[in-house]
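What you see below is based on every heavy atom in this structure, not just the backbone, and it leaves out hydrogens, waters and symmetry mates. Residue numbers count from 1 along this sequence.
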Amino acid sequence: MKKAVKSLLNISVHQCHAVCMALLFAAALPAFCGTHAAAQPFDIWLGTGVHHRVTLTPYLAAGSHRPAVIVCPGGSYFWHDMVAEGDSVGRWLQRNGISAFVLRYRTGYVPAFITHYRLLFRGNRHPDAINDLRRALSIVRGRAAEWGIDTACIGVMGFSAGGHLAMSAVELLPRGEWPAFVVPVYPVVTMEKECVHKRSRRGLLGDSRERNRRLRNELSMEEHVPAGCPPVFVVNCLDDPIVRHENAELLDSALTAGGVRHRFIQYRTGGHGFGASSLKGTAECRQWRAEFIKWFDSIWGKRI
């Protein structure tokens, strides 16, 4: 009996030791993983006069003088898909030698979606999101030496409404603050044509300004592609049930008319919201990631 009890006690001790070692290893895992770990998000407006918590999460690639991308998840300017269009994107870019910074920019959020309180109160609306992106670009450039970033190769990638925000970086910001390249994936583009994604328009403009024609035109990306626009990589799917495929086609036509160096890929299948997920969408649309890397290397040639 004593031997049996002793044996059980020994097993318990060994098991506890194993559990403790596993917990210690898990805690240290980010340090060992290096290029596969994300840093903690930080508030880009902390210590300023802007009293909103807007976070930026770095996914730093190993090495120095690395290209970088600020990632804008989608969500109709009401919320964010921080998984398929946030964390998954950051980790994918990081694995491919590109540092990523996932931006949780200001949106209307769920209360503004289920009510119309912004008819009476301002809430979050344009230009909040573009101001957040502008601030994020400034921070990444300002801390480039610390993070090993090449200041000449900082781009913006966005999904759905985030694609609209990404394109806004060259259409609404001063030329000296433009990103080096833009990647709108199944983007919201127009705010005034029949194919408009109405939920994103409401989220961006706010209920009290949704019918403002001047703002609708100003924020229609197909109408204001600037001369000297940096390279653009556009992706969408014909079977997109959320943001009609004509949005990306309008942008492609505007970029072509403006002589902008760009690539437009339109897949037959894949729908919407697949981001950098290996499960969402279809095998066809998930090819966009490899195609982007090829396109990026053909232009910059400095990823690895």
Side-chain angles (χ1 to χ4, degrees), residues 54-57 59 68-94 96 98 100-108 129-130 132-133 136 155-171 179 181-191 195-197 199-201 203-204 219 221 232-252 262-267 269-282 284-293 295-296:
V54 176
T55 60
L56 193 66
T57 304
Y59 296 74
V69 172
I70 294 176
V71 179
C72 303
S76 305
Y77 281 115
F78 275 112
W79 45 75
H80 306 89
D81 179 352
M82 296 300 291
V83 181
E85 298 172 355
D87 181 70
S88 295
V89 178
R91 293 182 186 279
W92 158 63
L93 290 169
Q94 186 184 52
N96 282 276
I98 301 173
F101 298 83
V102 177
L103 177 64
R104 196 177 191 116
Y105 54 91
R106 277 172 283 178
T107 66
I130 188 61
D132 293 340
L133 178 53
V156 178
M157 176 182 291
F159 300 82
S160 194
H164 180 275
L165 179 57
M167 200 65 207
S168 297
V170 295
E171 297 200 17
F181 57 94
V182 184
V183 186
V185 182
Y186 41 83
V188 171
V189 173
T190 190
M191 291 288 153
C195 61
V196 63
H197 186 241
R199 185 168 67 231
S200 291
R201 181 171 65 190
L204 179 62
L219 298 174
M221 298 295 101
V232 181
F233 182 92
V234 188
V235 179
N236 82 326
C237 300
L238 278 169
D239 67 347
D240 191 328
I242 307 297
V243 177
R244 287 171 55 175
H245 63 84
E246 291 93 344
N247 277 261
E249 292 165 4
L250 285 169
L251 181 57
D252 172 53
H262 74 287
R263 183 166 184 208
F264 175 39
I265 302 177
Q266 188 172 72
Y267 295 112
T269 64
H272 192 85
F274 44 85
S277 170
S278 296
L279 300 174
K280 291 186 175 182
T282 63
E284 180 190 20
C285 75
R286 288 194 291 269
Q287 296 176 75
W288 84 267
R289 287 174 288 169
E291 293 299 324
F292 164 73
I293 295 298
W295 175 83
F296 182 89

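- By the ring-ring contact (aromatic ring centres under 6.0 Å, His included) test, F101 is found to be paired with W147, residues two or more places apart in sequence or in another chain being considered.
- Contact annotation: the side chain of Y267 approaches that of V235 to within less than 4.5 Å [non-hydrogen atoms, C-beta and beyond].
- At a threshold of 4.5 Å between non-hydrogen side-chain atoms, the residues P187 and N247 do not count as touching.
- H164 is not listed as a side-chain neighbour of P184, based on a closest heavy-atom distance of 4.5 Å or more.
- Contacts of T269 classified as side-chain hydrogen bond (donor to acceptor under 3.5 Å, both in side chains), with partners at least two apart in sequence or in another chain: T282, E284.
- Annotation: side chain to side chain contact (heavy atoms under 4.5 Å, CB included) contacts of S278 (sequence neighbours excluded): R289.
- Contacts of F233 classified as ring-ring contact (aromatic ring centres under 6.0 Å, His included), with partners at least two apart in sequence or in another chain: F292, W295.
- When the side chain to side chain contact (heavy atoms under 4.5 Å, CB included) test is applied to E246, the partners found at least two apart in sequence or on another chain are C195, R244, E249.
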* Go through V89 and F159 one step at a time and tell me if the side chain to side chain contact (heavy atoms under 4.5 Å, CB included) criterion holds. => CA-CA 10 Å; V89 178; F159 300 82; 3.5 Å; yes
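- In this structure D240 satisfies the side chain to side chain contact (heavy atoms under 4.5 Å, CB included) test together with Y186, I242, V243, H272, sequence neighbours excluded.
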* Asked: Between D252 and V234, does a side chain to side chain contact (heavy atoms under 4.5 Å, CB included) hold up when you go through it step by step?
  -> CA-CA 8 Å; D252 172 53; V234 188; 6.0 Å; no
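- In this structure the side chain of L204 never reaches within 4.5 angstrom of the side chain of V188, judged on heavy atoms.
- Annotation: side chain to side chain contact (heavy atoms under 4.5 Å, CB included) contacts of A129 (sequence neighbours excluded): Y77, Y105, L165.
- Under the 4.5 Å side-chain criterion, counting only non-hydrogen atoms from C-beta, R263 is in contact with E291.
- No side-chain heavy atom of I70 sits under 4.5 Å from any side-chain heavy atom of P179.
- Side-chain contact between V183 and V69 is absent, with no heavy-atom pair separated by less than 4.5 Å.
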* To do: Please assess S168 against L133 for the test side chain to side chain contact (heavy atoms under 4.5 Å, CB included), listing each intermediate value before the final yes or no.
  => CA-CA 9 Å; S168 297; L133 178 53; 6.0 Å; no
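- Applying the side-chain hydrogen bond (donor to acceptor under 3.5 Å, both in side chains) criterion to T107, with sequence neighbours excluded, gives no partner residue.
- Within the 4.5 Å cutoff, side-chain heavy atoms of V102 are placed close to those of M82.
- A side-chain donor-acceptor contact under 3.5 Å links S277 to the backbone of L279.
- Evaluation of the side-chain hydrogen bond (donor to acceptor under 3.5 Å, both in side chains) rule for R106 yields D132 as partners, not counting sequence neighbours.
- In this structure Q287 satisfies the side-chain hydrogen bond (donor to acceptor under 3.5 Å, both in side chains) test with no other residue, sequence neighbours excluded.
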